[in-house]
Amino acid sequence: YYFKQAKQDFKNRSLDKKAAEVNLEISSLLDSQNNLSINNPYFDEFWNYAVKTQDVSLIAKGFNFKGRFFFTAKDSTVPLRYFHKAYRLFDSIGNKEMATTKLMNMGVVHSNRMKDNDSARYYYLRALDLLKQDNNDENFTNLHHDLLNNIGNNYRRSKKYDEALDYYRQAETLGIK
């Protein structure tokens, strides 16, 4: 997804070749957690360019990168802060898919890292509300499925089995294997 988005960004902007290559490389890195590195010279160049141009979409992608990079940091509020910044920016430019994903990421941090099911559920349900506003795009089906499963898992961890089963059934009706 990020690679395709970066290619589209290039068609819509007049970036110099170096900045375009940096953006493309970072977009590729965003798609592969195995290659994440905050001390990556490509990221530094990307981040400097994003900040210099005040490109909201690029800055949001940078915050997303930082959130993913710091996901396993000792202080679990660090990735949460970056995901929140990315969410606000993606939401401000109307990128509902990425805004929904960032809300899900915040839910995952609360659930998996902080063991706070109530806060996780808050973010998951906010993501579901946002997703329902614009669910005509086929790209949203997988996201919708993952989100419903996350909510089901959250209710299961909270020993609310009837609610969990309801969300698992909703996910099943989407037909994703």
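Note that the numbering runs from 1 along the sequence shown for the chain.
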Pairwise distance CE(Met106) to OG(Ser119) - rounded to 0.5 angstrom:
11.5 Å
Quick one: does Glu172's side chain get under 4.5 Å of Leu148's, heavy atoms only?
no
If every non-hydrogen atom of Ala127 is compared with every non-hydrogen atom of Met104, which pair is closest and at what distance?
CB-CG, 4.1 Å
Can you tell me if Gln133 and Asp129 form a side-chain donor-acceptor pair at under 3.5 Å?
no
Hydrophobic cluster membership, Val108 vs Met114, 4.5 Å side-chain cutoff:
yes
With heavy-atom distances below 4.5 Å as the criterion, would you say the side chains of Leu103 and Leu131 are in contact?
no
Quick one about Tyr168 and Asn153 (side-chain donor to acceptor, distance below 3.5 Å, no hydrogens or angles considered), yes or no?
yes
Under the criterion side chain to side chain contact (heavy atoms under 4.5 Å, CB included), I'd like the reasoning laid out for Ser57 against Asn95: C-alpha separation, chi angles, the key distance, then a yes or no.
CA-CA 9 Å; Ser57 177; Asn95 187 331; 5.7 Å; no
Might you point out which heavy atoms bring Pro79 and Gly67 nearest each other, and give the distance in Å?
CB-O, 3.4 Å
Any donor-acceptor pair under 3.5 Å linking the side-chain atoms of Thr77 with those of Asp75?
yes
Taking atom NZ of Lys160 and atom OH of Tyr167, what is their separation to the nearest 0.5 Å?
11.0 Å
Please confirm whether the backbone N or O of Ala73 pairs with a side-chain atom of Arg113, one donor and one acceptor, at under 3.5 Å?
yes
So, Arg121 and Asp118, do they make that salt bridge, N to O below 4.0 Å?
yes
Look up atom OH in Tyr124 and atom CG in Asp146, then write down how far apart they are to the nearest 0.5 Å.
10.5 Å
Distance-only, no hydrogens or angles: does the Thr173 side chain make a donor-acceptor pair with backbone N or O of Gln170 under 3.5 Å?
yes
Residue pair Thr101, Phe90: steps toward the side chain to side chain contact (heavy atoms under 4.5 Å, CB included) verdict:
CA-CA 10 Å; Thr101 303; Phe90 283 127; over 6 Å; no
Rounded to the nearest 0.5 angstrom, the OG-CD1 distance for Ser111 and Ile151 is 11.5 Å
Give me the atom names and distance for the closest heavy-atom approach of Leu58 to Ala50.
CB-CB, 3.7 Å
Quick check against the 3.5 Å criterion: does Asn105 have a side-chain atom that pairs as donor or acceptor with the backbone of Phe83?
no
Between Leu125 and Leu174, is there shared hydrophobic-cluster membership here, with clusters defined by ILVMFWY side-chain heavy atoms closer than 4.5 Å?
yes
Working to the nearest 0.5 Å, report the span between CG of Asn149 and NE2 of His145.
4.5 Å
With no hydrogens and no angle check, just 3.5 Å: does a side-chain donor-acceptor pair link Arg126 and Thr100?
no
Parallel, tilted or perpendicular: which describes the rings of Tyr87 and His84, with under 30° parallel and over 60° perpendicular?
tilted
Quick one: CD on Glu163 to CG on Asp166, what's the gap to the nearest 0.5 Å?
8.0 Å
Report yes if some heavy atom in the side chain of Met98 is under 4.5 Å from a heavy atom in the side chain of Asn64; otherwise report no.
yes
For Arg157, I'd like to know if atom CZ has over 12 heavy atoms of other residues, nucleotides or ligands within 6.0 Å.
yes
Check Ser92 against Leu89 and note the closest heavy-atom contact, atom names and distance.
OG-O, 2.7 Å
Closest non-hydrogen atom pair, Ala60 against Ala86
O-CB, 3.6 Å
Side chains of His144 and Leu128 in contact at under 4.5 Å (non-hydrogen atoms):
yes
Do we get Arg156 above Tyr161's six-membered ring, with its NZ or CZ under 6.0 Å from the centre and within 45° of the axis?
no
Looking at every heavy atom in both Leu130 and Ala99, which two are closest together, and how far apart are they?
CD2-CB, 3.6 Å
